[in-house]
K.L.:
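Sharing a structure below in structure tokens format, with a few things to ask.
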Amino acid sequence: MRASLIQLSVSDTEPADERRARAAALVRAQEGADLVVLPELWPLGGFAYDAWPTGAEPLDGPTSDVMAAAARAAGVWLHAGSIVERDPDGPIYNTSLVFAPDGELVHTYRKIHRFGFDSGEAVVMGAGQEIVTAGTDFGVLGLATCYDLRFPELFRALLDAGAELLVVPAAWPARRREHWTLLSRARAVEEQAFVLACNTAGTHGGVEQAGHSIVVDPWGRVLAEAGDGEEVLTVEFDPAEVAKARADFPVLRDRLLGIPAPVQR
Ligand SMILES: NC(=O)CCC(=O)C(=O)O
């Protein structure tokens with residue numbers, strides 16, 4: 001399969017609608033790929049907290065509109081990164097959107113672990129409650145977002161839900177780039193799965209982004225890694241390598257904790 005990670009540059013100066021149009025053109029240009037991935041909160045900026053109250057949008061808002069059309073035009077599965085979702089009956093959420101090649105919005109995932117400690121996302125956004133996987137033509141995607149990468153128990157739960165390709169949109173700062181690379185590889189090794197981690201480039205909200213989107217195979221090998229700036233990272237791999245790695249080195253068979261106990265007779 002072929003995957004393209006669009007490491008979009010996000011600034012405070014580009015209006016959201018212009019960035020939506022630019023991102024949609026980049027998605028359309030990936031015709032021939034099986035899966036296209038965008039970063040976290042790219043329409044407004046993952047650290048542009050001031051823009052969130054007015055820029056939040058519903059699931060059928062402007063980002064969904066342009067991304068559905070772009071997925072359909074390119075004929076690709078599209079993980080369109082995440083938006084600031086306005087829930088009419090609740091708080092705002094950091095919500096990822098997955099579109100099928102016909103443009104239908106088939107899965108959404110509300111980020112579970114909110115970043116910021118006592119500020120930003122952790123204060124103004126609601127926490128997602130559900131583990132989400134997405135069945136596709138080429139395997140089962142496990143959905144996680146940015147800071148979620150630090151919580152291995154989420155990835156173990158995704159494994160137990162059948163995930164084979166872990167897709168992680170992010171707005172990960174340059175200051176902690178080493179963690180980004182290390183954790184992406186760790187999650188791939190632990191779950192014996194592909195990790196496709198699509199980060200943001202540029203600077204917004206005063207936070208320089210790390211870039212360095214990365215694709216890791218189930219053995220922890222880096223198949224492709226982007227640089228610092230805006231870039232489309234394209235990589236080809238065989239999703240069947242997941243089953244092969246799990247059979248060749250059956251470490252998951254030796255789990256003792258956190259799995260249903262055998263029936264005692
Ligand atoms: N947007 C985020 O979740 C940032 C996470 C981060 O900066 C970190 O985990 O470090």
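Order of appearance sets the numbers: ligands from 1, and atoms from 1 within every ligand.
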K.L.:
If you take all heavy atoms of D148 and F155, which pair is closest and at what distance?
P.N.:
O-CE1, 3.2 Å
K.L.:
With backbone taken as N, CA, C and O and side chain as the heavy atoms from C-beta onward, which portion of R150 lies under 4.0 Å from ligand 1: side chain, backbone, both, or neither?
P.N.:
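R150 to ligand 1: side-chain contact only, backbone stays beyond 4.0 Å.
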K.L.:
Name the closest protein heavy atom to atom 1 (N) of ligand 1, giving the residue it belongs to and the distance to 0.1 Å.
P.N.:
E40 OE1, 3.1 Å
K.L.:
Find all atoms of ligand 1 within a distance of less than 4.0 Å from any non-hydrogen atom belonging to Y147, and give their numbers and elements.
P.N.:
3 (O), 5 (C), 9 (O)
K.L.:
Identify, by atom number and element, the atoms of ligand 1 in contact range of A171, meaning under 4.0 Å from any of its heavy atoms.
P.N.:
1 (N), 4 (C)
K.L.:
Just to verify, which of N94, T145, D87 counts as forming a side-chain hydrogen bond (donor to acceptor under 3.5 Å, both in side chains) with R110?
P.N.:
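Of the listed options, the one satisfying the test is D87.
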K.L.:
Can you tell whether the side chains of K244 and E241 come within less than 4.0 Å, N to carboxylate O?
P.N.:
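E241 and K244: not salt-bridged.
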K.L.:
What I want to know is whether K111 and ligand 1 share at least one N or O pair that is separated by under 3.5 angstrom.
P.N.:
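Yes, since at least one N or O of K111 sits under 3.5 Å from an N or O of ligand 1.
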K.L.:
Name the closest protein heavy atom to atom 4 (C) of ligand 1, giving the residue it belongs to and the distance to 0.1 Å.
P.N.:
C146 SG, 3.4 Å
K.L.:
L158 and L143: which non-hydrogen atoms are nearest, and at how many Å?
P.N.:
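So the two residues come closest at CD1-O, 3.6 Å.
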K.L.:
Can you tell which part of F115 has a heavy atom less than 4.0 Å from ligand 1: side chain, backbone, both or neither?
P.N.:
side chain
K.L.:
Is the backbone of A174 close enough, under 3.5 Å, to the side chain of E208 for a donor and an acceptor to pair up by distance?
P.N.:
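No, E208 side chain to A174 backbone: no donor-acceptor pair under 3.5 Å.
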K.L.:
I need the contact type for R177 against ligand 1. Using non-hydrogen atoms and a strict under-4.0 Å cut-off, is it side chain, backbone, both or neither?
P.N.:
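Neither; nothing of R177 gets under 4.0 Å from ligand 1.
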K.L.:
May I ask you to check whether T63 and R20 show a side-chain donor-acceptor distance below 3.5 Å?
P.N.:
yes
K.L.:
With respect to E121, determine whether any N or O atom, backbone or side chain, lies less than 3.5 Å from an N or O atom of ligand 1.
P.N.:
no
K.L.:
Do we see a donor-acceptor contact under 3.5 Å between the side chains of H204 and D12?
P.N.:
no
K.L.:
At a 4.0 Å cut-off, with the gap strictly under it, does some heavy atom of P173 reach an atom of ligand 1?
P.N.:
yes
K.L.:
Pick, from H179, Q209, R176, the option with the minimum heavy-atom distance to atom 7 (O) of ligand 1.
P.N.:
R176
K.L.:
Tell me if a side-chain donor or acceptor on Q129 pairs with a main-chain N or O of A127 at a distance below 3.5 Å.
P.N.:
yes
